[in-house]
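What follows is a single structure, written as structure tokens, with notes after it.
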Number of protein chains: 2
Amino acid sequence: MIVDPSSDDRLDRAFMALADPVRRRIVARLSRGPATVNELAEPFQITKQAVSKHIQVLEHAGLVSRTRDAQRRPVHLEAAQLEALTAWIDRYRLIHEQQFRSLDALLAGTTTSGTDAASPEPGQSAGTAQEEPES
Amino acid sequence: MIVDPSSDDRLDRAFMALADPVRRRIVARLSRGPATVNELAEPFQITKQAVSKHIQVLEHAGLVSRTRDAQRRPVHLEAAQLEALTAWIDRYRLIHEQQFRSLDALLAGTTTSGTDAASPEPGQSAGTAQEEPES
DNA sequence: AGGTTGATCAAGCAAATGGTTGATTAATAG
DNA sequence: CTATTAATCAACCATTTGCTTGATCAACCT
């Protein structure tokens, strides 16, 4: 069992998990509190097995976890992973806004040194293919 | 331009688009400024055609858009859609935190009115979401 | 015009995804 | 012990995804 899914893999799974409307509704429901598979399956027209698989996907993505209560296995939300997603998005969203600001400055005639964002030809450093924009 | 595929579909596509590490790296790169398909393809070991398809996926998700510059079609980031994603996530993340707080209060003996009476209505008046599991 | 560059179109293929039905494991209730 | 409930396992199928190669389109440049 691979237990160290290279936080990159974690992001993959988390985004993919939320790409499905059924799974998003499950998350929405769980945000109001834990629920069993049967409860979660009720609003949908698909089988319980299908919902069980959806929950497995969410669990494998670190978005939910399951405990035990008699025969039931209540599912509950894991907020941390949701935060990881917003963290990823916000990083690039903020950088983008920053660029807008420097573009603003450029148009205003003020050459703001520091960020080399306004370069018309982005320096194509092939080695810096990392996902992290050196924060 | 058909830009009204039931904003639910939009979320589907946007989350799925970011589920792929290649596409996430493309977004990361575009956060530094526009780039052409060739430039975007360089860091990867896959063909240009494959990258072109990735960009189509991102474009169809509303995450990027393309303009024209001679033979080139520069791709640039669309911040709005990124914000839509964080908006979706934050809604449920905040609800969850709110629940934790009321649970905290409960364990502390401070009966803050009802158990689950914490009005779960952070921002769902956005109108775009029928994804709420009606309480 | 002819040639080069930048990007897409098109067909095809291996792998993954979402769904089903049927059988099986666990725990509770009689 | 038997029956019931809750959930998973297992095999299977249809569709989609990601990627490839080869051909085509569109705009530049001599």
Side-chain angles (χ1 to χ4, degrees), chain A residues 1-2 5 8-27 29-30 33-61 63-76 120-122 124 129, chain B residues 1 5 8-27 29-30 33-61 63-76:
Chain A
M1 236 185 265
I2 301 163
D8 211 36
D9 222 10
R10 227 22 183 323
L11 269 186
D12 289 7
R13 295 181 200 281
F15 274 118
M16 189 169 72
L18 294 181
D20 188 289
V22 170
R23 288 192 290 260
R24 275 208 309 283
R25 293 191 82 171
I26 289 176
V27 167
R29 180 128 168 40
L30 289 178
T36 66
V37 174
N38 272 329
E39 289 167 346
L40 290 170
E42 203 189 333
F44 303 106
Q45 294 301 93
I46 59 179
T47 63
K48 273 165 219 186
Q49 287 94 324
V51 173
S52 194
K53 279 190 182 180
H54 280 303
I55 294 171
Q56 279 182 24
V57 171
L58 288 166
E59 187 179 30
H60 203 206
L63 286 164
V64 308
S65 52
R66 280 180 277 189
T67 51
R68 186 161 254 286
D69 169 34
Q71 311 119 317
R72 285 162 227 98
R73 289 157 191 70
V75 185
H76 59 90
E121 199 137 350
Q124 184 85 359
Chain B
M1 33 201 101
D8 211 38
D9 223 11
R10 251 308 175 39
L11 268 186
D12 289 7
R13 295 181 200 280
F15 274 119
M16 189 170 71
L18 293 181
D20 187 290
V22 170
R23 288 192 289 260
R24 274 207 311 283
R25 288 190 178 93
I26 288 176
V27 167
R29 181 173 212 87
L30 288 177
T36 66
V37 174
N38 271 330
E39 289 167 347
L40 290 170
E42 204 192 332
F44 303 105
Q45 295 302 95
I46 59 180
T47 64
K48 250 186 287 192
Q49 286 94 325
V51 172
S52 192
K53 282 190 180 179
H54 279 303
I55 293 170
Q56 278 182 24
V57 171
L58 288 167
E59 187 179 29
H60 204 206
L63 286 164
V64 308
S65 53
R66 280 181 273 187
T67 52
R68 184 160 257 287
D69 169 34
Q71 310 119 318
R72 284 165 225 96
R73 288 156 191 70
V75 185
H76 59 90

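So that the names make sense, note that chain A is the first sequence line, chain B the second, and so on, each numbered from 1.
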Distance-minimising heavy-atom pair for A:R10 and A:H60: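 Distance-wise, the nearest heavy atoms are NE-O, 4.2 Å.
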
Who are the side chain to side chain donor-acceptor pair (under 3.5 Å) partners of B:E59, not counting sequence neighbours?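 Side chain to side chain donor-acceptor pair (under 3.5 Å) check on B:E59 returns B:R66.
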
Nucleotide [N], atom [atom2] - distance to [atom1] of [X] in whole Å:
X: B:I55; N: C:dC9; atom1: CD1; atom2: C1'; result: 15 Å
X: B:K53; N: C:dC13; atom1: NZ; atom2: C1'; result: 11 Å
X: A:R23; N: C:dT17; atom1: CZ; atom2: P; result: 9 Å
X: A:Q45; N: C:dT20; atom1: CD; atom2: C1'; result: 15 Å
X: A:M16; N: D:dT16; atom1: CE; atom2: P; result: 16 Å
X: B:D12; N: D:dT17; atom1: CG; atom2: C1'; result: 15 Å
X: B:F15; N: C:dT17; atom1: CZ; atom2: C1'; result: 18 Å

Does A:I46 or B:V37 map to a spot on DNA chain C nearer the 5' end, using the closest nucleotide for each? B:V37

Pairing residues for A:Q71 by the side-chain contact (heavy atoms from CB on, under 4.5 Å) criterion, not counting sequence neighbours: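 Partners of A:Q71 by the side-chain contact (heavy atoms from CB on, under 4.5 Å) criterion come out as none, since no residue qualifies.
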
Can you name the residues that form a side-chain contact (heavy atoms from CB on, under 4.5 Å) with B:R23, not counting sequence neighbours?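 For B:R23, the residues satisfying side-chain contact (heavy atoms from CB on, under 4.5 Å) (neighbours in sequence not counted) are B:A17, B:D20, B:H54, B:V57, B:L58.
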
Within the 4.0 Å limit for protein heavy atoms, which parts of nucleotides 21-30 of chain D are touched? Write it as a string from 5' to 3', B for base, S for sugar-phosphate only, - for none. BB----BS--

A:H54 has a side chain; which of C:dG6, C:dG18, D:dC19 sits nearest to it?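 Given the options C:dG6, C:dG18, D:dC19, the side chain of A:H54 is closest to C:dG18.
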
Name the closest nucleotide to the B:Q56 side chain, picking from D:dA7, C:dC9, D:dA11. C:dC9

What pairs with B:R72 under salt bridge (Lys or Arg N to Asp or Glu O under 4.0 Å), at least two apart in sequence or on another chain? B:D69

Below 4.0 angstrom from OP1 or OP2 of D:dA7, is there any side-chain N or O of A:N38? yes

State, yes or no, whether a side-chain contact exists between B:L18 and B:L63 at a heavy-atom distance under 4.5 Å. yes

Would you give me the side-chain donor-acceptor pairs under 3.5 Å for residues 37-52 of chain A, sequence neighbours excluded?
{"from": "A:N38", "atom 1": "OD1", "to": "A:K48", "atom 2": "NZ", "distance (Å)": "2.9"}
{"from": "A:E39", "atom 1": "OE1", "to": "A:T36", "atom 2": "N", "distance (Å)": "2.9"}
{"from": "A:T47", "atom 1": "OG1", "to": "A:A50", "atom 2": "N", "distance (Å)": "3.3"}

Check every strand shown and say whether B:K48 touches a base, only sugar-phosphate, or nothing at a heavy-atom separation below 4.0 Å. nothing

